[in-house]
Amino acid sequence: MAMSLDLFVKEMRELMIPSNVYIMDGSQEEAERLVSIAQKSEVDGRVVLKELNDDEYPNSYYHRSNPNDVARTEHLTFVCTVLKEQAGPNNNWMDPNKAKEKMMGFFKGAMKGRTMYVIPFVMGTPMSKYAKNCVQVTDSVYVALSMRIMSRVGKQAIERIGSSSDFFRGIHSIGDVNPDKRFIMHFPQENLVMSFGSGYGGNALLGKKCYSLRIASYLGYQEGWLAEHMVIMGVQSPEGKVTYFLGAFPSACGKTNLTLLEPVFKGYKIWTLGDDIAWINIGEGGRLYAINPESGFFGVASGTGVNTNPVMMKTLKNNKFYPTLFTNTAVDNSNNTPWWEGVSNDIPSHLSDWQGCKYDRNSGKPAAHPNSRFTVSIYNCPTLSPEYDNPRGVPISGIIFGGRRKDTIPLVYETKDWSSGVFAASIIGSETTAAASGQLGNVRRDPMAMLPFCGYSMGDYFQHWLNIGKRVKKPPKIFMVNWFRKDEDGKFMWPGFKDNSRVIKWMLDRIEGKTGVRECEIGLFPQEGSIDLSGLDIKEKTMQKLLKIDRGEWKKEISMIEEFYAKFGDKIPVDLRNHLYALKEKF
Ligand code: GTP
Ligand code: SPV
Ligand code: MN
């Protein structure tokens with residue numbers, strides 16, 4: 001249903017009956033005003049924002065959410081296409097009319113006594129032909145401030161929208177944060193999302209996963225491009241040449257860390273372009289070009305420290321963009337700084353946990369929620385690529401896919417060609433993490449790291465990937481990695497983090513044709529000695545284990561893949577089925 005911005009705001013006001021309507025302009029004064037409002041407001045008994053130590057963490061504020069609202073809720077997330085088959089077995093589905101009726105019931109009068117923030121925003125740099133116009137309404141000042149960091153909010157969006165009705169509409173209310181009245185409903189065929197009952201990131205910042213992945217993946221399917229759960233980064237060699245990579249990893253499996261990585265080798269540098277979402281188009285010369293539609297990081301705090309991610313620690317202390325938010329970390333009361341496991345070795349003695357209680361270090365529980373996050377502008381990042389705002393995006397030479405697996409999957413291998421790469425990506429399995437509510441550590445299939453984010457049937461999605469490869473002149477090389485393989489004692493065998501640059505350097509050598517491969521059952525493996533391990537204390541035996549293919553493990557893996565593929569019946573492209581038969585033959 002076509003509807004101008006004015007009409008949309010009018011309808012929302014009539015539906016939710018807020019006592020105020022505030023249209024955001026994106027200015028600095030506005031941010032200061034909203035922060036000040038948030039410091040005075042309470043949502044179910046919690047002050048929305050508290051100022052943190054300005055000397056240690058400039059312009060930073062602390063937010064504690066309802067303990068029932070700390071991660072994405074996949075079981076309450078629906079894709080409401082006209083036909084159930086369009087949403088596919090990878091999505092929860094509801095009839096669009098039924099879904100709207102249900103949501104309208106929740107939204108009716110939901111903002112009584114509250115302010116409705118109208119957030120006009122652009123996903124992508126506004127000069128880009130790939131950028132998209134969006135509007136979200138919300139009654140959460142925390143969401144309004146977060147959206148301001150994560151996307152380009154304000155006048156530019158209003159100007160781009162003008163009197164047209166061609167923009168994404170996101171309708172959001174935190175309601176009373178009741179999990180029984182919590183739903184995130186997507187209507188890809190109407191460019192619309194309705195979200196009620198949660199203030200948490202991926203459920204509530206509708207420009208992020210809801211629009212830029214679920215809705216945008218559907219748009220991309222219609223229009224011939226890809227919206228992916230991927231980092232974008234440039235790898236600079238000592239000669240000064242920059243090669244661009246995409247990297248897809250499931251939630252909380254290392255994207256933010258990878259794109260802010262400081263290589264261990266002299267002369268090499270990594271340029272950051274995006275840590276979560278990439279929109280990929282076929283551009284100049286028939287190559288793939290990627291843009292990051294977002295303008296901030298909504299990153300996992302736990303595990304982030306000067307040893308693991310020094311660039312992010314610098315980003316968090318860089319005060320260029322106002323404000324930076326910390327959600328559900330612990331707080332060190334001795335100096336009013338946010339604290340989380342991994343930010344320092346010793347546990348401070350005056351610590352409040354993420355729920356605001358005095359931390360008991362004998363509890364066996366972490367002080368920060370494992371999915372505690374920071375929300376910080378990408379412009380604060382010292383390694384931000386000069387190409388970040390380039391409207392045409394950056395040309396892609398390599399795509400990395402990974403998962404979190406304690407066994408089975410080797411440290412790295414290359415796939416033979418695009419279609420083998422699409423197959424390898426379609427069979428990714430990964431252990432579930434704290435980024436989504438539910439049990440942790442279960443291996444589930446997470447094709448292209450998109451299982452929770454693909455806005456249509458994954459059978460069609462796989463075919464779309466294959467079709468893109470046929471249209472691209474020189475398809476990027478596709479690599480598979482696993483930083484998370486463990487030994488018999490349950491310890492990570494690969495040091496990870498900055499040492500991942502050793503594997504990236506190998507990929508660069510492969511792209512430049514500087515090193516050969518040996519062919520194995522599942523793909524192309526590094527020749528012995530071709531991953532540069534200089535200065536790293538790792539045993540040859542460990543490297544062998546990291547690259548090992550265990551036939552028993554792979555037999556099990558193949559039966560899990562068959563089970564997953566079977567859910568899609570004949571929607572799985574013939575090409576991929578053939579790859580699976582061929583793989584099975586080998587084991
Ligand atoms: P989302 O924001 O949920 O999409 O997560 P992400 O993919 O950006 O993951 P992130 O980089 O935030 O990492 C998640 C967790 O994995 C953090 O606790 C990191 O410290 C940890 N991690 C990241 N890279 C590595 C690695 O190479 N090895 C090990 N062992 N842990 C890692
Ligand atoms: C993820 O879960 O992949 C995230 C956090 O990046 S959220 O924005 O909540 O989706
Ligand atoms: Mn993510």
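Remember, it's 1-based here, ligands and their atoms both numbered in the order they're listed.
At a heavy-atom distance under 4.0 Å, only side-chain atoms of F484, from C-beta outward, approach ligand 1. Contacts between E341 and ligand 1, counted as non-hydrogen atom pairs separated by less than 4.0 Å, are absent for every part of the residue. Under 4.0 Å from ligand 1, heavy atoms of F497 appear from its side chain as well as its backbone. Contact annotation: for R373 versus ligand 1, heavy atoms closer than 4.0 Å belong to the side chain alone. At a 4.0 Å heavy-atom cut-off, ligand 1 does not touch N309 at all.
The number of protein N, O or S atoms lying under 2.8 Å from the Mn ion (ligand 3) is 3.
With sequence neighbours excluded, the residues that form a ring pair (Phe, Tyr, Trp, His ring centres under 6.0 Å) with W225 are W279. Taking the side-chain contact (heavy atoms from CB on, under 4.5 Å) definition, one finds that T432 meets it with N442, R444, sequence neighbours left out.
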Pick out the protein N or O atoms lying less than 3.5 Å from any N or O of ligand 2, and list each pair with its distance.
residue: ligand 2; atom: 2 (O); partner: R72; partner atom: NE; Å: 3.0
residue: ligand 2; atom: 2 (O); partner: R72; partner atom: NH2; Å: 3.1
residue: ligand 2; atom: 2 (O); partner: S251; partner atom: OG; Å: 3.0
residue: ligand 2; atom: 3 (O); partner: K209; partner atom: NZ; Å: 2.7
residue: ligand 2; atom: 3 (O); partner: H229; partner atom: NE2; Å: 3.3
residue: ligand 2; atom: 3 (O); partner: S251; partner atom: OG; Å: 2.5
residue: ligand 2; atom: 6 (O); partner: K209; partner atom: NZ; Å: 2.6
residue: ligand 2; atom: 6 (O); partner: D276; partner atom: OD1; Å: 3.4
residue: ligand 2; atom: 6 (O); partner: D276; partner atom: OD2; Å: 3.4
residue: ligand 2; atom: 8 (O); partner: G202; partner atom: N; Å: 3.4
residue: ligand 2; atom: 9 (O); partner: Y200; partner atom: OH; Å: 3.1
residue: ligand 2; atom: 9 (O); partner: G202; partner atom: N; Å: 2.8
residue: ligand 2; atom: 10 (O); partner: R72; partner atom: NE; Å: 3.1
residue: ligand 2; atom: 10 (O); partner: K209; partner atom: NZ; Å: 2.9

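Nearest non-hydrogen protein atom to atom 9 (O) of ligand 1 is G254 N, 2.9 Å. From the protein, the heavy atom lying nearest to atom 18 (O) of ligand 1 is S302 O, 2.8 Å.
When the heavy atoms of L261, N257, D275 are ranked by distance to atom 10 (P) of ligand 1, first place goes to N257.
Here the rule is ring-ring contact (aromatic ring centres under 6.0 Å, His included) with F326, and of Y62, Y57, Y61 only Y57 fits it.
For the residue pair Y461 and N90, no side-chain donor N or O sits within less than 3.5 Å of a side-chain acceptor on the partner. Under 3.5 Å, the side chains of D69 and S198 contain a donor-acceptor pair of N or O atoms.
Not close to ligand 1: P495, with no non-hydrogen atom less than 4.0 angstrom away. Within the 4.0 Å heavy-atom cutoff, T308 does not count among the residues contacting ligand 1. Contact analysis leaves G299 out of contact with ligand 1, as no non-hydrogen atom separation drops below 4.0 angstrom.
One finds no salt bridge joining K255 and D275 here, because no Lys/Arg side-chain nitrogen approaches an Asp/Glu carboxylate oxygen to under 4.0 Å.
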